[in-house]
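Just so it is clear: chains get the letters A, B, ... in the order the sequence lines come, proteins before strands, and each one is counted from 1.
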2 protein chains.
Amino acid sequence: MNPVIAFNSKVVCKSCTLLGICLSTGLSGPDLAKLERIVKRTRPLHRGDLLFSTHSPFTSLFVVKTGSIKTVRQNPDGSEQVLGFHLPGEFIGFDAIQEDSYTCDAEVLETTAVCELPFDQLSELSQLIPDLQHQLFRLLSKEIADESKMLSLLNRKNAEERLAAFLTGLSCRFQRRGFSPTDFYLSMSRSEIGNYLGLAVETISRLLSRFQEDGLLIVNRKHIRLLNLERLHYLAGNDTRVQRKGQQQAAGK
Amino acid sequence: MNPVIAFNSKVVCKSCTLLGICLSTGLSGPDLAKLERIVKRTRPLHRGDLLFSTHSPFTSLFVVKTGSIKTVRQNPDGSEQVLGFHLPGEFIGFDAIQEDSYTCDAEVLETTAVCELPFDQLSELSQLIPDLQHQLFRLLSKEIADESKMLSLLNRKNAEERLAAFLTGLSCRFQRRGFSPTDFYLSMSRSEIGNYLGLAVETISRLLSRFQEDGLLIVNRKHIRLLNLERLHYLAGNDTRVQRKGQQQAAGK
DNA sequence: CGCAATATTGACCACTCTCAATGAGGGTGG
DNA sequence: CCACCCTCATTGAGAGTGGTCAATATTGCG
């Protein structure tokens, strides 16, 4: 679908998010070249494709170059849990290291290109390059910290706050990658958003309508435009300043 | 309080959980000795002590030797979120690597001994010992996978299932460390359990009473005895076999 | 021995889920 | 090209789980 990606992954990769990440953390030229050498070339993926699936042997980490991917796990009772959405520049597969097999499915949400990093080679390389090792530790650590923020979100926030947090979160992540923070496409369905946030589809739908009525955003199917980022941040509770109400279960001890 | 720990941390450490972990993963004798050499000796901690606190500079990972520790984060709105409880053999501090400072408070719940692992030295050492590096990756990865299970728990399970999952979870963790899986002390308060599971204190209290009425367990303040582990696992939804009801929000797509 | 913190139990109510009906696209085949 | 179908999204009405508030044990600590 996007020939540019298919033709010269080298070029794309150079300019791409994976290296963006590594550069920003102080990998120097030659080290970077080594890293680049182990990146496996992959062909573009399409909506519905599985990048990997649960129980298949763990071989590689992936970084999204363009597009988006959701990770999903099947619960013992047969229900599904969406674990996350992965945008350009973000890693997938960290949870598989410990099991030697993937612990979730990674499903492509739209036409998507990824970098594949064979983990064996990445490990070897990080034996040679301390900075790389440290960077990997940081990335894993970031993942842990992010997930624990998700825990707060699910435990402490109501539906409105969750959706506002979700939208502002996307906004920030897009902005960091150079996309518009106020104008983007939701590659995931309402139902996937709801599943991820622990809310029913209907709740997502109702809230988007309400946010639109309140002039916070304009939503049209997959396209969304955030009109009042400040207020959304406020609703999300990202705001350190005064809070508007005594949260439920306010304190622990 | 426990003089054995204070007197010869060497001996305790050898037999202790930290090395239990590393041994189980194939670190050989000499490598193990190197690891042991960087373990910093620390004095026992008491209820209410902070092992570290938010924003203080990140220096070390910790492993609980005996006792227990909770990790808590302050939300922007002033409410607290309990992030986890850490039992003997379990690590604390992974989330701090990326920030170079701790992102939560680690508060001691009862008299507790820990191993301190200065992260700089640990990093250096894992440059020399590939197995150690790999083991660290695994530990971080495990943390990520565990947290994503927590996400499923909060999103898909009702109060009863959450508490059952919490209790069976503790049971398994105790058993793995050689303690009784059916008979243990809850070092955390009802309120801390509720905070962690996203439930009100009252709900925890009510459920414990109900579980007791149903003959699943006997609870007396901090002490708990699980009478019917199988059924608790079943209630927790850990059971792969037939499930008892159509879970809410059954599917994603 | 009394105060403060923690736990238990009850009554009420709100948030959000469930169920149900309708609408809107997007793809396929006639 | 349009009719048809299927999935996804929206909107409404009713119900249930679990939170909030409040009162009362119970415990532990100074």
Side-chain angles (χ1 to χ4, degrees), chain A residues 46-48 70 79-80 82 107 109-110 153-164 185-213 217-224 235 245-253, chain B residues 46-48 70 79-80 82 107 109-111 153-164 166 185-213 217-224 235 245-253:
Chain A
H46 302 288
R47 177 169 179 79
K70 71 166 178 182
S79 68
E80 283 192 341
V82 173
E107 189 182 325
L109 293 172
E110 61 189 317
L153 182 141
L154 296 175
N155 269 353
R156 309 248 90 73
K157 292 189 199 295
N158 63 24
E160 179 183 273
E161 295 167 319
R162 291 186 202 187
L163 186 59
Y185 281 85
L186 299 170
S187 57
M188 67 295 286
S189 70
R190 305 288 193 268
S191 152
E192 287 162 337
I193 297 173
N195 185 302
Y196 176 62
L197 295 176
L199 299 171
V201 199
E202 294 92 332
T203 305
I204 302 296
S205 208
R206 271 186 260 271
L207 281 174
L208 283 176
S209 300
R210 189 147 67 75
F211 283 173
Q212 181 157 265
E213 278 172 31
L217 49 77
I218 297 172
V219 59
N220 189 319
R221 300 199 53 75
K222 301 280 185 196
H223 178 257
I224 201 161
L235 284 179
K245 64 169 186 182
Q247 281 300 95
Q248 55 181 37
Q249 306 162 4
K253 143 189 187 158
Chain B
H46 301 288
R47 177 168 179 79
K70 72 165 178 182
S79 68
E80 283 194 340
V82 173
E107 187 182 325
L109 293 172
E110 62 189 316
T111 302
L153 183 142
L154 296 175
N155 268 353
R156 308 250 91 73
K157 292 187 200 292
N158 63 24
E160 177 183 275
E161 295 168 318
R162 290 185 203 188
L163 187 59
F166 177 70
Y185 282 87
L186 299 170
S187 57
M188 67 296 286
S189 69
R190 306 283 192 269
S191 151
E192 287 162 336
I193 297 173
N195 186 303
Y196 176 60
L197 295 176
L199 299 170
V201 198
E202 295 91 331
T203 305
I204 303 295
S205 210
R206 272 187 260 269
L207 280 173
L208 283 176
S209 300
R210 188 147 68 76
F211 283 173
Q212 181 157 265
E213 279 172 30
L217 49 77
I218 297 172
V219 60
N220 189 319
R221 300 205 46 78
K222 300 281 186 196
H223 177 257
I224 201 160
L235 284 179
K245 65 167 187 184
Q247 281 301 95
Q248 54 183 34
Q249 308 163 359
K253 159 206 168 132

Spacing between B:L154 atom CG and C:dT16 atom C1', to the nearest angstrom: 16 Å
Quick one: do the A:R156 and B:N195 side chains pair a donor with an acceptor below 3.5 Å? yes
Report yes or no: does A:R190 contribute a side-chain atom to a donor-acceptor pair with the main-chain N or O of A:S205 at less than 3.5 Å? no
Please encode protein proximity along nucleotides 10-15 of chain D as a string of B, S and -, counting only heavy-atom distances under 4.0 Å. BBBB--
Hey, does B:K70 have a side-chain heavy atom less than 4.5 Å from the side chain of B:S187? no
A:Q212 has an atom CD; how far is it from atom C1' of D:dA9, in whole Å? 13 Å
Between D:dG18 atom P and B:K157 atom NZ, what is the distance in whole Å? 13 Å
Does A:N220 reach the main-chain N or O of A:H223 with its side chain, forming a donor-acceptor pair under 3.5 Å? no
Let me know the distance between CG of A:L163 and P of C:dC17, rounded to the nearest Å. 12 Å
Is the backbone of A:G48 close enough, under 3.5 Å, to the side chain of A:E107 for a donor and an acceptor to pair up by distance? no
Rounded to whole angstroms, how far apart are CZ on A:R156 and C1' on C:dC15? 16 Å
So, does A:K222 get its side chain near the phosphate of C:dG25, meaning an N or O under 4.0 Å from OP1 or OP2? no
Rounded to whole angstroms, how far apart are CG on A:L186 and C1' on D:dC8? 14 Å
Would you confirm whether A:R162, through its side chain, and A:G194, through its main-chain N or O, come within 3.5 Å as a donor-acceptor pair? no
Round to a whole Å and report the spacing from CZ of B:R210 to P of D:dT17. 10 Å
Send over the distance from A:L197 CG to C:dC17 C1', rounded to a whole Å. 15 Å
